[in-house]
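For reference, the structure discussed in these notes is given below.
Note that the numbering runs from 1 along the sequence shown for the chain. Whatever order the structure lists ligands and atoms in, that order sets their numbers, starting from 1. What's counted below: heavy atoms across the whole structure, side chains too, no hydrogens, waters or symmetry copies.
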Amino acid sequence: MGPPNPTPATPSRLILCVIDAMAPAALERAVADGLAPTLGTLIERGRYVDSCVAAFPSVTPVCAASITTGVGPDRHGVPGMNWYDRSQGRYVEYGSSLRASQRFGIAAQLTDTVYNLNGAHLSPATLTAFEALDDAGIATACTTYLIYRGRHRHEPRRDGWLTRLAAPFARHPVMGPRELFYADIFASRPAPCSSVLGMPGIRDRHSGCVGAYLVEHNLADFLLLSLPDNDWYSHKHGPDAQVHSLAKADLQLARLAEVAGGVEALLERYAVIVLGDHAQARVTDAVDILGALVEVGVAGPREDPEGAAIAVCPSQRAAMVYVLDVPDPAAVRARVIEIARATEGVELVAWFEGDRDRRTGEGVVCLPDGSQLRFAPGGPLSDLRGCSWNLDGDLSVLGIEVSDQVLHAPRYPDALSRLWSALTCANAGEVLMSAAPGYEFYDWGGQAHPGGGSHGALDAEDSLTGLIMCGIDPPTPEPGQWAIRDVAHMVTEHFGVTLPDLR
Ligand SMILES: [Zn+2]
């Protein structure tokens, strides 16, 4: 018998658990109060980062695409919760609220979310971690998650009354990871789990059931376990209340541990990464950005855009405006910027000047009082992630501090890269807005969350989430500012697969 090995071997498998909207302060409180014992053990055994930065806009479709591809919207192509598809002359809505979905048509919203997001909107040129691992023969798996694109074909389920209810919207196969369990629509095996139509508040249970089934039967080398209910709860009750929904998310992770024979046994077999996609900020007021811009001529939902000058796309605490086919687009953009600056609750207004397709030009970000900062990559200053920037104008617009040629913007973490990526995304609007603290933009259904929480803004409160890494080595050197787009690279590198580095 040899001496005991003090360093446990790195587990060969990996679970990536995404807890939607996980706010670091709430996570830390839930763990301290003993309400999230599984997450507590992972933090204790692993490495915890309390400031991992989301994409911008910090909403779930944009962030889910960044988590699974390792790049920002300029490369993955998903610009918001609601956006305008110029090639089709129509709005795309992923489900801001039930009423917003009704404005665009439930069938259209479900088709965009279930099919088009992965099949058309997510750039075909950008590899997902599922695709990269599928190509290497790794057994991949995913519970219901907005981004699931992989190399394996899945036919929609035909069994069960719930499935038949969804049948009109879900006739076609999709390309996913080897094991895909998506609501009641796709199930690569007859697992004993029902999503009950994916109702908010009970979606985590479906993920926990599927996750436990996959662990019990050894079916996944890489599993993306999505726990979305925390976001729904936090929208409704505010980010402080996440202590309760994180405790519930913990129960689902505990189900995976239980079938493995306990947390210790789970950690012998799997490395585990847990992160949020973004966090949430308290909301007290809402901004009617559609009403503010109506005089410019806003294209309506399900309408021919003929005659309209702009499309307006609220994404919770962010918003985008698209300038449509008009005789003088520069004048229309200038008017939109002017109105946005004058609208209470709009904090930052940003746009791109130059050739966006070639990414040559500069980003401009502006405060309501007109003070401006212009920025472009490649100058003498460097940010915390090592990207270099040229700045011109008022650094206080983004609260930027410079010491030893290094930029730091504590109020808007990773501000320049995130803004640049959002502004140079081919599917983004011409004018982007980030809401002031406490404000949210009403969506197309007239919904917002005053008295609760929301997210979407460039602000640290919306953008900084928690990251737990257990049984997996962080990259060396560690990033000076962690970002959710680092995770796809850690995932694939765990299996010896390298994604192109376009972070
Ligand atoms: Zn949300």
Fill in: Backbone or side-chain N/O/S of Asp20 under 2.8 Å of the Zn ion (ligand 1)
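No, outside the cut-off.
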
Item to complete: Measure from the Zn ion (ligand 1) to each N, O or S atom of His278 and report whether any distance is below 2.8 Å.
Response: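 Here the distance criterion (N, O or S atom, under 2.8 Å) is not met by His278, so no.
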
Does a side-chain N-to-carboxylate-O contact under 4.0 Å join [X] and [Y]?
| X | Y | result |
| --- | --- | --- |
| Arg255 | Asp204 | no |
| Asp414 | Arg485 | yes |
| Arg282 | Asp240 | yes |

Discussion item. Angle at the Zn ion (ligand 1), NE2 of His455 to OD2 of Asp231, rounded to 10 degrees, please.
Written reply: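 So the angle at the metal works out to 150°.
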
Fill in: Side-chain heavy atoms of Leu27 within contact of Ile43, under 4.5 Å
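Answer yes - side chains close enough.
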
